[in-house]
Amino acid sequence: MTQIDQVDQSTPASPSRFQANLAQRYRADQIFQTAALLSVLIALFVLIMLLGDVFITGFPRFIQDFPSFLLSYPSRRAAQAGILSPLVGTIWLLILTGLFAIPTGVGAGIFLEEFAANTRLARLIEINIGNLAAVPSIIYGLLALQVFVRWMEPITGGRSVLAGGLTLALLILPIIIVATREALRSVPNSIRQAGFAVGTTRWQVVRDHVLPIALPGILTGTILALSRAIGETAPLITIGALTFIAFLPPLSPIIEGLRSPFTALPIQTYNWISRPQPEFQNNAAAAIVMLLIVLLLMNATAIYLRNRTQKIRND
Amino acid sequence: MALTAALVDTDTVLSVENLSVYYDRFLALTQVYLNIPQRCVTAFIGSSGCGKSTLLRCFNRMNDLTMGCRVQGKISYRGTDLYAPRVDPVELRRQIGMVFQKPNPFPKSIYENIAYPIRINGYQGDVEELVEQSLRDAALWDEVKDKLKQNALSLSGGQQQRLCIARALAIEPDILLMDEPCSALDPISTARIEDLIKQLRTQYTIIIVTHNMQQASRISQMTAFFNSSSGEAGAGAGYLVEYGTTEQIFTDPRQDLTRDYVSGRFG
């Protein structure tokens, strides 16, 4: 009987102790959803405007002289100027930066996450690597100017593509370390324990069980970091990358190539965009189109590699 | 503890003397004396946070991998001090295998899960043969023999756990440590694992942590009951209340705490 009485009390006829107030809560839902959607639209709008502007200005130049724009050197005459040397310079930088930054960054990430004891020193290093990732790139440029261009001149040859690669590697090293650690941290600890429990050493656990699972994450982080590197202008200007290069670094002997002066797409763009003639503005836009293509290709590679490694893992 | 030796007429494999374990400053387990007999199932029971798993993880030195874990006292494994500097934990873990609470197969093929520990430990014989033998020992062979190339994660939870047992058995351990191996499994899978443990206990020394008292009474010959000093889970230091044959612990406990626990009055 008492139970039935209680049920009666909770019917709308008598006042309940709960006031759901659904109408107002749903309104708050709506408001937040609209605000979030608006944020997305603003971001998209800005991006589309930028891309649209670049493509409208740059694409005619890019497509009209399709191979020749890519295959000629910069020139005083806008119509004859091309992006061969900056494009090749960017590719050199990309390869060198990757060669220096990927092994050291991934290695440091593995050490810090899998091997280092959780001491005060380790924590201090951890915090400072996080800080390094946030240091403005021009600071890296200043450091590199002193270390790679001046002190190491006998090796790097001064303002060379090698110095540029080292600079950019330094710049993205903290990003790669952080990405590697994140990827390693996402590997469940039970896998490590499974490995240790069957009598494997720490390196075997890392090599055979942890790294294969973390690899897609590491790859993605690394390629995104490389994408950031090839878009950088400030540190390269600081170390004295040239804006007018009418030759390519020789491939043989490779040391000559490494030590030759260079330019890169963002630098060439920066140079052209600061000129008054509209033809050069078009060239700058066309160079940006090429830079975007390189970036898109890299991101596509990242996605492809990630999917492929994940598939291998799931087989 | 002399009593224990008298009750079970077998050799002692593991002998624990005045063992205390700290996690940083926190005393997790204190003053444990215990002798584990050979080719028996020894069950560790007790409420959560009273140091059962901690003790288990001392036996294969998995606690070495836990930051801040410190072990005091002595554990002898067939006469050797487990924590002596010349004992190599990697080699030790081949002899003292472990099965975990949640099935944790490697995300590789079923075959590779078993073949990996065999290869890594330098097995000189026919790897394929030993893989089959291990899977048979773990009563899994008939279920997986046609899909050895499939990913181990495609198996059911109970099959995954038996795969983990097969993986532990593959490297021919002396002792098998099991940390609540059935707590993530349904009753049918649990029953299969219990059957398996009963088969294995004639060849291996098994130490099993369990929250399921019926399970302890069904499969073990020896039982150790642990409690923590404050009575609250995780708050105080764990200690060994009583250790004896399973029959004695469940039918004629000497401590009131044990009687309350095994009769289900708390815990």
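In what follows, chains carry the letters A, B, and so on, assigned in the order in which the sequence lines appear, proteins first and then strands, with residues in each chain numbered from 1.
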Problem - For A:E232, side-chain hydrogen bond (donor to acceptor under 3.5 Å, both in side chains) partners two or more places apart - result: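 For A:E232, the residues satisfying side-chain hydrogen bond (donor to acceptor under 3.5 Å, both in side chains) (neighbours in sequence not counted) are A:S137, A:R228.
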Practice task
Tell me, for B:P105 versus chain A, whether the close heavy atoms (under 4.5 Å) come from the side chain, the backbone, both or neither.
Solution key: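 The backbone, not the side chain.
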Problem - B:R57 portion near chain A, given a 4.5 angstrom heavy-atom threshold - result: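 For B:R57, the side chain is the part near chain A, not the backbone.
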Exercise for the section: Tell me, yes or no, whether the heavy-atom count around A:Q146 atom CD, taken from other residues, nucleotides or ligands under 6.0 Å, exceeds 12. Expected result: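 Buried by this count: over 12 neighbours within 6.0 Å.
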Practice task
Report, as yes or no, whether the 6.0 Å neighbourhood of atom OH on A:Y304 holds more than 12 heavy atoms from other residues, nucleotides or ligands.
Solution key: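 Counting neighbours around OH of A:Y304, 12 or fewer heavy atoms of other residues, nucleotides or ligands fall under 6.0 Å, so no.
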Problem - Check: A:T201 and B:I120 side chains under 4.5 Å, non-hydrogen atoms - result: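 Answer no - side chains too far apart.
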Handout entry: Close side-chain approach of A:F196 to B:V90, heavy-atom, < 4.5 Å
Key =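 Answer no - side chains too far apart.
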Handout entry: CD1-NZ distance between A:I213 and B:K108, expressed to the nearest 0.5 angstrom
Key =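 Nearest 0.5 Å value for the CD1-NZ distance: 7.5 Å.
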Exercise for the section: Measure up the A:H209 and B:Y116 rings against each other and bin them: parallel (under 30°), tilted (30 to 60°), perpendicular (over 60°). Expected result: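 Ring orientation, 0 to 90° scale: perpendicular.
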Closest non-hydrogen atom pair, [X] against [Y]:
{"X": "B:F106", "Y": "A:A194", "answer": "CE2-CB, 3.7 Å"}
{"X": "A:A197", "Y": "B:M98", "answer": "CB-CB, 4.0 Å"}
{"X": "B:P107", "Y": "A:I191", "answer": "CD-CD1, 3.7 Å"}

Exercise for the section: Side chain from CB out, backbone as N, CA, C, O: work out which of these in A:R192 comes under 4.5 Å of a heavy atom of chain B, or both, or neither. Expected result: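 Neither part.
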Please table the atom pairs, donor to acceptor, closer than 3.5 Å between any side-chain atom in residues 63-72 of chain B and protein atoms at least two apart or in another chain.
unit_1, atom_1, unit_2, atom_2, d
B:N63, ND2, B:T54, O, 3.1
B:D64, OD2, B:R61, NE, 2.9
B:D64, OD2, B:R61, NH2, 3.0

Practice task
Please check if the side chain of B:N121 supplies one atom and the backbone of A:V198 the other of a donor-acceptor pair under 3.5 Å.
Solution key: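 Checking the backbone N and O of A:V198 against the side chain of B:N121, a donor-acceptor pair under 3.5 Å is found.
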